[in-house]
Chemist: 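Handing you this structure, nothing more for now.
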Amino acid sequence: LYAEFSREIGAVSTGAEVATIKAEYLGKKGRLNEILKSLKDATPEERKTLGPLSNELKQKILSEIDEAAVRIEREEIDRRLASERQDISLLDSLRDRGLGSAGYHPLTAIGREVEDIFISMGFDILDGPHIESDYYNFEALNIPANHPARDMQDTFWFSDMHHLLRTHTSPIQVRGMEKHRPPFKFVGPGEVFRNEAIDASHEAAFRQIEGMMVGEGVSVAHLVHFLKTLLSEIFHKELEVRLRPGYFPFVEPGFELDYKCLLCGGKGCSVCKQVGWVEALGCGMVHPRVLRYGNIDPDLYSGFAFGMGWDRLVMMRYGIDNIRHLRSGDLRFVSQFKAY
Ligand code: PHE
């Protein structure tokens, strides 16, 4: 029996064949069991020798089956390694097939730059989910149900009417306050979604970076300082900024922050729509009610917050004239940023 088994197991080349042989020899109706059955008729004397002998045989067969399985697996891996091998040193041929070297998407590149600038100023980086609840996106930001400010942002609601695709990164403020005790400062970058009519400067998905700093005596001066530093670093030159009053229910007072147009130096051109200033972001001092939602006592602490759209920043920095290029997936567009 063993001799036959040896011959068969030596010749297998697939896992299925190993399984068949295992059933043939060790299965319920297998050949080894048949031998064991015949032991019934053996004399006690014979049993004494045949019993241990058949056990030994069983172990031997088992271990050889295991070995064969391992061998076959290894052969299979070797085969795949050989057939799927690619010589990545053949860059020229990859380039001929349009593959070439990779580069960062401009949104990623600028996003990392912005994060690095904030990290160097001592900010933490936080994250939040794309699918938010009514509470985080609106309610805890002082925008209760039926508040007219909900109409400022056209929302993609889920059918349960309690969940939505976040319309801004401001929910990260609420999540940040839940996690940190003052003093703290963090930024939260990410994709946001609005049910907008799409044109050259509007997309239904775009990117924002939220910022928040809370502590004793935090003021508008801190806000202006950090944002001016950020914008000057991004554009590699000292920028002039100004605040205009702006309305957001979660800040009081609220502002829009503009920077002087880089292209015309404030004289007026097509980029700044002839006003000489470019709108950069919404910001303000965190509303006391929002601090209370975050379990922070507004009599002890104050804070600023801002939310900056970052697609437009990328467009300004690289001279991109249509926001739709950014998520078009068009290789002719993205391959221009390879050197980055
Ligand atoms: N969340 C606001 C928006 O999407 C921006 C903002 C953030 C304004 C923080 C003030 C403070 O437009």
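Just so you know, ligand 1 is whichever comes first in the structure, and atom 1 is the first atom listed for that ligand. Quick note: residue numbers are just sequence positions, from 1.
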Chemist: Could you check atom 2 (C) of ligand 1 against the protein and tell me its nearest heavy-atom contact, residue, atom and distance included?
Modeler: Phe250 CZ, 3.8 Å
Chemist: State whether a side-chain donor-acceptor pair under 3.5 Å links His325 with Asn322.
Modeler: no
Chemist: What are the atoms of ligand 1, with element, lying closer than 4.0 Å to any heavy atom of Gln173?
Modeler: 9 (C)
Chemist: What atoms of ligand 1 come within less than 4.0 Å of a heavy atom belonging to Ala305?
Modeler: 9 (C), 11 (C)
Chemist: Examine the side chains of Glu279 and Tyr259 and answer whether a donor and an acceptor come within less than 3.5 Å of each other.
Modeler: no
Chemist: At a 4.0 Å cut-off, with the gap strictly under it, does some heavy atom of Ser170 reach an atom of ligand 1?
Modeler: yes
Chemist: Please confirm whether the ring centroid of His168 lies under 6.0 Å from the ring centroid of Phe250.
Modeler: yes
Chemist: Under 4.0 Å from any heavy atom of Glu210, which atoms of ligand 1 are there?
Modeler: 7 (C), 9 (C)
Chemist: Nearest to atom 7 (C) of ligand 1, what protein heavy atom do you find, and at what distance?
Modeler: Gly307 N, 3.2 Å
Chemist: Does a sphere of radius 6.0 Å around CD in Glu34 hold more than 12 heavy atoms from other residues, nucleotides or ligands, not counting ones at 6.0 Å or beyond?
Modeler: yes
Chemist: Yes or no: does Met308 have any heavy atom under 4.0 Å from an atom of ligand 1?
Modeler: no
Chemist: Ignoring hydrogens and angles, state whether a donor on the side chain of Asn137 or Arg166 is under 3.5 Å from an acceptor on the partner side chain.
Modeler: no
Chemist: With a 4.0 Å cut-off on heavy atoms, is Gln208 in contact with ligand 1?
Modeler: yes
Chemist: Geometry only, no angles: is Arg194 polar-contacting ligand 1 at N/O separations under 3.5 Å?
Modeler: yes
Chemist: Thr167 to ligand 1: N or O pair under 3.5 Å?
Modeler: no
Chemist: In plain terms, say whether Glu75 and Arg71 are close enough for a salt bridge, that is, a side-chain N and a carboxylate O under 4.0 Å apart.
Modeler: yes
Chemist: May I ask you to identify the nearest protein heavy atom to atom 12 (O) of ligand 1, giving residue, atom name and distance to one decimal place in Å?
Modeler: Phe248 CE2, 3.7 Å
Chemist: Kindly state whether the ring of Phe306 and the ring of Phe226 have centres lying under 6.0 angstrom apart.
Modeler: no
Chemist: If you count the atoms of ligand 1 from 1 in the order shown, which ones are under 4.0 Å from a heavy atom of Cys283?
Modeler: 8 (C), 10 (C), 11 (C)
Chemist: Is the Phe337 to Tyr318 ring centre distance short of 6.0 Å?
Modeler: yes
